[in-house]
Amino acid sequence: MVGKNRIPFKLERLRKKAGVFFAQGQPLWGHFFISPVSANHDGEETVLELLMSGQRYVPFETMDGQIVLILISNIVKVLLEDNQHHMQRLATEHINVELCFISGETMRGKVCFTMPETHSRLSDFLNQSLGFFYLEAEGQLYLINHRHIVLIRPLTPP
């Protein structure tokens, strides 16, 4: 018998530190809650998987311990403090780009991705990826929301 306040088969959640950036205002620092088991690969769920899970809102614990619900579509970018580099390490393509956001902000970095050899252009990747993609910038790993991008300019390597 399951008690009134008990949920059967409830999985523990892991906390992943991140900075969440919105179009206006200061970033929100705290923790996302992810599953210790991913449905897509061995190991724990990633913040990218959480944001791409189909939920509209996700819980987020602020640095002062308050739990808030964040509307995923309003997130411009997420700075991953824990540097979940496993996706980026598996990438076969690395393209330097400049992102131009709706807000007027620009950001330079490296888009890292894996696609079949016959579809390995940046445009192929961007047209297939939904929601968010990884960008490495100044040694930090970000998740970038497609909805807030005006244009992406490929840059030639220095």
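It should be emphasised that the depicted structure is a prediction, and the values quoted were computed from it without experimental measurement.
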Chemist: Could you tell me whether Lys16 and Glu81 make a salt bridge, using a distance below 4.0 angstrom between a side-chain N and a carboxylate O?
Modeler: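 Result for this pair is no, no salt bridge flagged.
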Chemist: Can you find a heavy atom in the side chain of Leu135 that is under 4.5 Å from one in the side chain of Val111?
Modeler: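 Yes; the side chains approach each other to less than 4.5 Å.
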Chemist: Side chain to side chain contact (heavy atoms under 4.5 Å, CB included) for Phe32 and Leu51? Distances and angles first, verdict last.
Modeler: CA-CA 10 Å; Phe32 285 106; Leu51 297 178; 4.2 Å; yes
Chemist: Taking Leu48 as the starting point, is it possible to reach Tyr57 by hopping between hydrophobic residues whose side chains are less than 4.5 Å apart?
Modeler: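 Different clusters.
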Chemist: Roughly how far, to the nearest 0.5 Å, is the CD1 atom of Ile95 from the CG atom of Leu126?
Modeler: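 Output value for this atom pair is 8.5 Å.
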Chemist: Go through Val20 and Ile70 one step at a time and tell me if the side chain to side chain contact (heavy atoms under 4.5 Å, CB included) criterion holds.
Modeler: CA-CA 9 Å; Val20 180; Ile70 296 177; 4.3 Å; yes
Chemist: Shortest non-hydrogen contact from Ile72 to Leu50?
Modeler: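 Reported closest heavy-atom pair: CD1-O, 4.5 Å.
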Chemist: Given side chain to side chain contact (heavy atoms under 4.5 Å, CB included), test Met107 with Val97 step by step and report yes or no.
Modeler: CA-CA 8 Å; Met107 186 176 184; Val97 297; over 6 Å; no
Chemist: Please name the pair of heavy atoms, one in Glu44 and one in Ile34, separated by the smallest distance, quoted to 0.1 Å.
Modeler: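 Taking Glu44 first and Ile34 second, the nearest heavy atoms are OE2-CD1, 3.9 Å.
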Chemist: Could you tell me whether the side chain of Met63 reaches within less than 4.5 Å of the side chain of Lys17, counting heavy atoms only?
Modeler: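 Touching, per the 4.5 Å side-chain cut-off.
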Chemist: Which atom names give the shortest non-hydrogen contact between Pro59 and Phe33, and what distance separates them?
Modeler: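 The answer is O-CD1, 3.9 Å.
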Chemist: Decide if the gap between the ring center of Phe132 and the ring center of His146 is smaller than 6.0 angstrom.
Modeler: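 No, ring centres 6.0 Å or more apart.
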Chemist: Less than 4.5 Å apart, side chain to side chain, heavy atoms only: is that true for Phe22 and Ile75?
Modeler: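 A side-chain contact under 4.5 Å exists here.
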Chemist: Looking only at non-hydrogen atoms, find the nearest pair between Leu14 and Ser35 and report the distance.
Modeler: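 In this case the closest contact between Leu14 and Ser35 is CD1-O, 4.4 Å.
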Chemist: For the hydrophobic clusters of this structure (ILVMFWY residues joined by side-chain heavy atoms under 4.5 Å, transitively), does one cluster hold both Ile149 and Leu151?
Modeler: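 In one cluster: no.
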Chemist: Tell me, please, whether Phe101 has Lys77 positioned over its six-membered ring: NZ or CZ under 6.0 Å from the ring centre and within 45 degrees of its axis?
Modeler: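 Here Lys77 passes the 6.0 Å and 45° test against Phe101.
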Chemist: Could you state the interatomic distance from CG (Leu80) to CD (Glu136), rounded to the nearest 0.5 Å?
Modeler: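 Here the interatomic distance stands at 11.5 Å.
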Chemist: Nearest heavy-atom pair of Val76 and Ala23: which atoms, and what distance?
Modeler: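 Scanning both residues, the minimum pair turns out to be CG2-N, 3.5 Å.
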Chemist: Supply the atom-to-atom distance Phe21 CZ to Leu28 CG, rounded to the nearest 0.5 angstrom.
Modeler: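 Going from the CZ atom of Phe21 to the CG atom of Leu28 covers 10.0 Å.
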Chemist: Where the side chain of His148 meets the backbone of Ser73, is there a donor-acceptor pair that is under 3.5 Å apart?
Modeler: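 Yes; at least one donor-acceptor contact below 3.5 Å.
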Chemist: Between Gln140 (side chain) and Ala137 (backbone), is there a donor-acceptor pair under 3.5 Å?
Modeler: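 Side chain of Gln140 to backbone of Ala137: no pair is present.
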Chemist: So, are Glu45 and Arg13 salt-bridged, with charged N and O less than 4.0 Å apart?
Modeler: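 Yes, Glu45 and Arg13 are salt-bridged.
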Chemist: As an exercise, state the distance from CZ of Arg108 to CD of Glu98, rounded to the nearest 0.5 Å.
Modeler: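 Spacing of CZ (Arg108) from CD (Glu98) equals 4.5 Å.
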Chemist: Under 4.5 Å between any side-chain heavy atoms of Phe133 and Ile152, yes or no?
Modeler: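 Phe133 vs Ile152: side chains touch.
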Chemist: Determine whether Tyr134 and Leu141 satisfy the following criterion, side chain to side chain contact (heavy atoms under 4.5 Å, CB included), listing intermediate values before the conclusion.
Modeler: CA-CA 7 Å; Tyr134 286 106; Leu141 192 60; 3.8 Å; yes
Chemist: Measure the CG-CD distance between Asn74 and Gln24 for me, rounded to the nearest 0.5 Å.
Modeler: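 Asn74 atom CG to Gln24 atom CD measures 9.0 Å (nearest 0.5 Å).
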Chemist: Rounded to the nearest 0.5 Å, what's the gap from CG on Leu69 to CD on Gln55? Could you check?
Modeler: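 Rounded to the nearest 0.5 Å, the CG-CD separation comes out at 10.0 Å.
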